[in-house]
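All residue numbers in this chain count up from 1 along the given sequence. The shown structure was predicted, so the numbers you read here are calculated from the model rather than taken from an experiment.
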Amino acid sequence: MPDKLKIVHRKLGREKVWGWAHSDGVIELDERLKGYKYLLYLIHEFMHLRHPEWTEKKVRSESTKMARLIWRMRHRI
């Protein structure tokens, strides 16, 4: 995982994704994400950087668990 992370917000409609993780530590998130969906995709893309060996299914499962826990604890951005 890169030493520094950078979060970029832009519309990702053409790419047909909500988020994108680049190996250089850049996470792109669709600027239209809000609330729980923003949290979920931020964690999801971070997990891709943290655990590049994980399958998409594993990343989805673990990021969903973490986002639900954080949201239930009433942490908001």
Side-chain angles (χ1 to χ4, degrees):
M1 188 170 120
D3 292 333
K4 289 190 176 186
L5 290 176
K6 180 178 179 182
I7 310 295
V8 175
H9 299 93
R10 69 180 184 92
K11 289 184 181 173
L12 295 173
R14 286 187 182 160
E15 290 81 1
K16 297 183 181 176
V17 295
W18 290 109
W20 196 271
H22 301 275
S23 58
D24 62 355
V26 175
I27 293 176
E28 293 185 76
L29 293 173
D30 193 294
E31 62 188 30
R32 296 166 290 192
L33 289 172
K34 303 285 184 232
Y36 177 78
K37 269 184 107 170
Y38 181 89
L39 176 65
L40 176 62
Y41 285 101
L42 176 62
I43 293 170
H44 180 96
E45 299 308 330
F46 177 76
M47 290 292 189
H48 276 301
L49 293 177
R50 183 78 175 103
H51 302 285
E53 72 281 1
W54 284 5
T55 64
E56 181 66 22
K57 185 177 179 179
K58 174 84 171 171
V59 169
R60 194 177 317 121
S61 172
E62 295 302 314
S63 59
T64 300
K65 288 176 196 173
M66 188 176 291
R68 283 181 183 164
L69 171 65
I70 292 170
W71 197 255
R72 266 191 259 137
M73 297 299 297
R74 300 188 180 271
H75 289 279
R76 305 290 189 262
I77 295 175

To the nearest 0.5 Å, how far apart are NZ in Lys65 and CD1 in Ile43?
->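 The distance works out to 13.0 Å.
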
For a quick test of reading the model, state the closest non-hydrogen atom pair linking [X] to [Y] and the distance between them.
{"X": "Tyr41", "Y": "Leu33", "value": "CB-CD1, 3.9 Å"}
{"X": "Asp30", "Y": "Gly13", "value": "OD2-N, 4.0 Å"}
{"X": "Tyr38", "Y": "Ile7", "value": "OH-CG2, 4.2 Å"}
{"X": "His22", "Y": "Leu49", "value": "O-CD2, 3.1 Å"}
{"X": "Ala21", "Y": "Glu45", "value": "N-OE1, 3.2 Å"}

Counting only pairs under 3.5 Å, give me each side-chain donor-acceptor contact of residues 70-77, with atom names and distances, residues two or more places apart or in other chains.
residue: Arg76; atom: NH1; partner: Trp71; partner atom: O; Å: 2.9

When you compare the side chain of [Y] with that of [X], does any pair of heavy atoms fall below 4.5 Å?
{"X": "Met47", "Y": "Met66", "value": "yes"}
{"X": "Phe46", "Y": "Leu5", "value": "yes"}
{"X": "Arg68", "Y": "Tyr36", "value": "yes"}
{"X": "His44", "Y": "Val59", "value": "yes"}

Under the salt bridge (charged side-chain N to carboxylate O under 4.0 Å, His left out) rule, what pairs show up with a residue in residues 14-27, not counting sequence neighbours?
->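 The answer is Arg10-Glu15.
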
Quick one: does Thr64's side chain have a donor or acceptor within less than 3.5 Å of a partner on Arg60's backbone?
->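 Yes, Thr64 side chain to Arg60 backbone: donor-acceptor pair under 3.5 Å.
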
